[in-house]
There are 2 protein chains.
Amino acid sequence: MTKLQSHGREPFETVDRAPEAQAEGFATVRQAHESEMAEDYVELIAELIETRGEARPVEIAERLGVKPPTVTKNISRLKAAGLVRREPYRAIFLTDAGRELAEACRRRHRIVVEFLLSLGIDEETAERDAEGIEHHVSTTTLEAFEQALKQFRNHE
Amino acid sequence: MTKLQSHGREPFETVDRAPEAQAEGFATVRQAHESEMAEDYVELIAELIETRGEARPVEIAERLGVKPPTVTKNISRLKAAGLVRREPYRAIFLTDAGRELAEACRRRHRIVVEFLLSLGIDEETAERDAEGIEHHVSTTTLEAFEQALKQFRNHE
DNA sequence: GACAAAAGTTAGACATGGCTAACTTATCTA
DNA sequence: TAGATAAGTTAGCCATGTCTAACTTTTGTC
Ligand SMILES: [Mn+2]
Ligand SMILES: [Mn+2]
Ligand SMILES: [Mn+2]
Ligand SMILES: [Mn+2]
C-alpha cells in the first residue's frame, strides 16, 4: 500500500513515464509535422479538383494563407515525393498515391471535425482546431472518435 | 428545398468554408507550431524541477529525444524570450512568466490526456497523441473536453 | 493579333529546429 | 588533488517552410 499521503482529492495525476517513452512521443510529434505539409496540400488539391474542376496555385495560396512562391516550392516537393503530377504554368493533378493520401486525410479530417462538433463546439472552432489536431491523431484515437461519434448519433 | 439528389446515407458532409476563414485556420496552426517548442520545454522543465529537484540539459535532451546542442540553442531562445533564467553550465530555472506558462501547459496537457483516456484509449497512445494535440486545442475545445470529462466521471 | 492583367516561377533571403565534431567546464573517483 | 569521465557549449552544417522582388508565361480584351 504505497502512495500513503493522500492530499485532498486531486482530480488529475501527472503520469510519469520512462524517458525513452516520452522521447518517442516527441519524436512522433516531429514526424507528424514532417508529413503535415504534404497532407494539407493533397487534401486541399483534392477538394479544389472536386469543387472547382481543377487545382490552381493561386487558389491553393489563397486557401492556405501563403504567398504564391511558397506554393510553387512546395508543389515541386510534392512532385518529387510522387504525390502530384504537373507541368509548369498548368493546373495540378494528384497521382494515384496522392489521391490515396488525400482520401485518407479527408476522411480523418471529417471525423475529427464531426467529433468536435458532437462535443458542442461551434463549426468555426471545430474546423480550426481540427486543422492542427488531425495530424496528431493515431489510428487508435481516430477509431475512438468514430466510436464515440456512433454512440452520440444513436443517443441524441 | 435544395440538395435534391440524395445519395445513399452519407454520414459526413464536407463543409466548404470561405477561403479567408480557411486561411485563418491554417495560420492558427502555424502560430501554434511557433509556440510549441517553448511550451514543451517549460512544461518539461517544471516537471523536472518538481520531480528531480532541478532541470539539467542532459535530462531535457533525453526526455525530448534530441541532442544536447539542440537543448543549449533552444534554452538560449527561451532565455531571450524571458521564460527561463540561467547561467552557463548550471541548471535551468523558470522565470515567473515561464512558471505561469508551464502551469497552463501542464493543466492543458493533463486535460487532453484524461479526455483521451476517458474515450477508452490506452495510456501510451493517449500520452503520445496528447503531446501533439495539446498545442492545437483552443480554449473553447479545452472547456468542451473538461465538460465531457465531468459528464464521464459522473456517469461511469 | 496586340497588349494589359493575371498567374506562375525564379532567385535569394531569413527563422526555426534539428544534427555532428570539437572544444570547455564541472564532477567524480582513485 | 590529479586525471578521467560526464556535462555543456560553440561552430558550422542542413532541411523546412515562409517571404519579397523581379522576371516569364498565359489569359482575357479590345
Ligand atoms: Mn491540417
Ligand atoms: Mn485538414
Ligand atoms: Mn507537446
Ligand atoms: Mn502540430
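What you see below is based on every heavy atom in this structure, not just the backbone, and it leaves out hydrogens, waters and symmetry mates. Naming: A, B, ... by sequence-line order, numbering from 1 per chain.
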Over all atoms of both residues, closest heavy-atom pair of B:H135 and B:A32: O-CB, 3.2 Å
Calculate the interatomic distance between A:R90 atom CZ and D:dT27 atom C1'; express it in whole Å. 12 Å
Of A:R56 and A:Y41, whose nearest nucleotide on DNA chain D comes first from the 5' end? A:Y41
Can you tell me how far P of C:dG18 sits from CZ of A:F26, to the nearest Å? 10 Å
Closest heavy-atom pair, A:V42 versus A:A102, reported as atoms and distance to 0.1 Å, is O-CB, 3.5 Å
Donor-acceptor under 3.5 Å (A:R110 side chain, A:E114 main chain): no
Here the pair of heavy atoms bringing B:I60 nearest to B:I75 is CD1-CD1, 4.4 Å
Flag if over 12 foreign heavy atoms under 6.0 Å of CD, B:E124: yes
Looking only at the side chain of B:V58 (C-beta and beyond, no hydrogens), which of the listed nucleotides D:dA7, D:dC19, C:dC19 gets closest? D:dA7
Look at A:R86 and C:dT9 and indicate whether a side-chain polar atom (N or O) is within less than 4.0 Å of OP1 or OP2. yes
Send over the distance from A:E62 CD to C:dG8 C1', rounded to a whole Å. 16 Å
Could you state the CD1-C1' distance from A:I75 to C:dG8, rounded to the nearest angstrom? 12 Å
Take a 6.0 Å sphere around CD of B:E123 and say whether it holds more than 12 heavy atoms from other residues, nucleotides or ligands. no
Pair A:Q22, A:R17 - check side chain to side chain donor-acceptor pair (under 3.5 Å), show working. CA-CA 6 Å; A:Q22 199 172 359; A:R17 313 155 70 203; 5.6 Å; no
With 3.5 Å as the limit, what N/O pairs link the protein to nucleotides 15-17 of chain C?
from   : atom 1 : to    : atom 2 : distance (Å)
C:dG17 : OP2    : B:R77 : NH1    : 3.4
C:dG17 : N7     : B:R77 : NH2    : 3.2

Over 12 non-hydrogen atoms of neighbours within 6.0 angstrom of CZ in A:R30: yes
Polar side-chain atom of A:S118 near backbone of A:L149 as donor-acceptor pair, under 3.5 Å: no
Using a cut-off of under 3.5 Å, enumerate the N/O to N/O pairs linking the protein to nucleotides 21-24 of chain C.
none

Whole Å only: how far is the NZ atom of B:K67 from the C1' atom of D:dC13? 16 Å
